[in-house]
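A short write-up of the structure that comes next.
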Amino acid sequence: MNIFLYEWKKVWKNGAVLKVVLLFLMLSAAIFWADTAMDSEIRTAYLDCHKTLDSLPADEAADLLNAFTLTDETDYIKGHALELIHSEMDSVTGYEDYRQSIQNRYTQSQKISVFQGTASGQNQYMQRIAERYKKLTLHFPLTLQPYQGIRKLMEFYPADLFTVILLIYLTSIVFIQEQRSGQYAFSLTTKNGQRRLYPAKFLTVYFSIIVYLLLTFLFYFVLSGFLYGFPSMTAAIQSIPGYHAVPYDWNILTYFCVFLLLKSFAFFILTSLAVFFGTPP
């Protein structure tokens, strides 16, 4: 444990590392903000419409939304904002239809000879999906809320690119630079040796990436909430347009936790590859 803390402090007391992390945060925040600022008028109209709709029952909100569409279809800004809200409304009101379509597609597939019988791997997969959706009971509410901020957060791929670049940079700091300076070879001759030093360096790189990943996700979440508002985290994840395909009874917060866990696992693999190629022979 002591050797891990030593490696951790050695990395994060490095002024160059702190500057790179700060630079990545500033660049990604600027990209995120610029992407949102490009449609600031649409965002304003979108939020104004939501203020009116969110206080109404679902059926009244749908009627009013349809009325807005009829009267404002020639207004590009208002019309685009209404399209976004329509997609959110359809996500809430059309979820049961989506689930039924899963059953219908499975039933129709059984009429095709290639999918008949339990021997087909594709058939077994479709059957598992159909059964999961059939048995699924949502205990979290499907609610109409301004979800476009969350969608931008989940689809902000430059954040992953910056994280990968940071991973490569940290690997070079922890392994390659120490190899060139001779520190790594000397460390292997100490009593800790490679048996303890190598895992400590690997964990230093990996947990540094995880900390950066969590901090940036929280940062983007706050930024998207500032721009679009903070929707309730207890709503069903299926309330968000494009997330009907989640066949689990999860709310948005649970989905975020699973999403970050899977990302952490992906970066564990990437860290292993980076360290493997960055480790001196």
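One is the number of the first residue; the rest follow in order along the sequence. Note that these values count all heavy atoms, side chains included, but never hydrogens, waters or copies made by symmetry.
- Scanning all heavy atoms of the two residues, the minimum distance from Y206 to T271 falls at CD1-OG1, 3.8 Å.
- Here CD1 of I173 is found 10.5 Å from NZ of K10. Values are rounded to the nearest 0.5 Å.
- Closest approach of A29 and L223 over heavy atoms only: O-CD2, 4.3 Å.
- The shortest non-hydrogen separation linking A274 to L167 is CB-CG, 4.2 Å.
- Within the 4.5 Å cutoff, the side chain of L18 has no heavy atoms near those of the L22 side chain.
- When side chains are defined from C-beta on, I102 does not count as touching R132, because their heavy atoms never get closer than 4.5 Å.
- Residues F202 and S272 form a side-chain contact, since some pair of their non-hydrogen atoms from C-beta on lies under 4.5 Å apart.
- Environment of CZ in F230: crowded, with over 12 heavy atoms of neighbouring residues, nucleotides or ligands closer than 6.0 Å.
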- Task: With side-chain contact (heavy atoms from CB on, under 4.5 Å) as the test, would you mind laying out the steps for Q148 and S87 before giving the verdict?
- Result: CA-CA 10 Å; Q148 297 306 313; S87 68; 4.1 Å; yes

- Query: Does the side-chain contact (heavy atoms from CB on, under 4.5 Å) test come out yes or no for V164 and F267, once each step is laid out?
  - Reply: CA-CA 8 Å; V164 171; F267 275 103; 3.9 Å; yes

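- Residues L214 and L262 fall within the same hydrophobic cluster, defined by Ile, Leu, Val, Met, Phe, Trp and Tyr side chains chained together at heavy-atom separations under 4.5 Å.
- Counting heavy atoms from C-beta outward, I42 and L84 have side chains that approach closer than 4.5 Å.
- In this structure a side-chain-to-backbone donor-acceptor pair under 3.5 Å is present from Y133 to A245.
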- Message: Working note: I150 + F256, criterion side-chain contact (heavy atoms from CB on, under 4.5 Å); need CA distance, chi angles, decisive distance, verdict.
- Response: CA-CA 10 Å; I150 288 182; F256 277 0; 4.0 Å; yes

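- A donor-acceptor pair under 3.5 Å is absent between the side-chain atoms of E88 and the main chain of P241, judged by distance alone.
- Rounding to the nearest 0.5 Å places CG of L253 at 4.5 Å from SG of C257.
- Each of I165, T163, T216, L161 was scored for a side-chain contact (heavy atoms from CB on, under 4.5 Å) with F24, with one residue passing: I165.
- The structure places OG1 of T171 at 10.5 Å from CG of L273, a figure rounded to the nearest 0.5 Å.
- Relative orientation of the Y98 and H244 rings is tilted, given thresholds of 30° and 60° on the angle between their planes.
- Side-chain contact between F156 and I31 is present, with heavy atoms from C-beta onward closer than 4.5 Å.
- For the residue pair Y243 / S91, no side-chain donor-acceptor distance below 3.5 Å is found, with atom types taken as modelled.
- S28 places no side-chain N or O within 3.5 Å of a backbone atom of A159 that could act as its donor or acceptor partner.
- At a threshold of 4.5 Å between non-hydrogen side-chain atoms, the residues L136 and D249 count as touching.
- Taking OG of S239 as the start and CE of M89 as the end, the distance is 11.5 Å to the nearest 0.5 Å.
- Rounded to the nearest 0.5 angstrom, M154 CE and I240 CD1 are separated by 7.5 Å.
- Taking each heavy atom of W12 and S208 in turn, the nearest pair found is NE1-OG, 2.9 Å.
- We find that R128 and E131 are not joined by a salt bridge, their nearest charged nitrogen and carboxylate oxygen being 4.0 Å or further apart.
- Rounding to the nearest 0.5 Å places CZ of F162 at 14.5 Å from CG of L213.
- The shortest side-chain heavy-atom distance between Q238 and Y248 does not fall under the 4.5 Å cut-off.
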- Kindly indicate, with the supporting measurements, whether the criterion side-chain contact (heavy atoms from CB on, under 4.5 Å) is fulfilled by V275 and K201. CA-CA 9 Å; V275 170; K201 287 181 174 293; over 6 Å; no

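- Between the side chains of N251 and T254, at least one donor N or O sits under 3.5 Å from an acceptor N or O.
- If you chain together hydrophobic residues whose side chains sit under 4.5 Å apart, L215 and M26 never meet in one group.
- Summarising the geometry of L142 relative to V92, their closest heavy-atom pair is O-CG1, 3.5 Å, with the distance given to 0.1 Å.
- The aromatic rings of F32 and Y220 lie parallel to each other, their planes meeting at an angle below 30°, with 60° marking the opposite boundary.
- Scanning all heavy atoms of the two residues, the minimum distance from P231 to Q145 falls at CA-OE1, 3.2 Å.
- The aromatic rings of W250 and Y255 are tilted relative to each other, their planes meeting at an angle between 30° and 60°.
- Considering only heavy atoms from C-beta on, I209 stays 4.5 Å or farther from F268 through its side chain.
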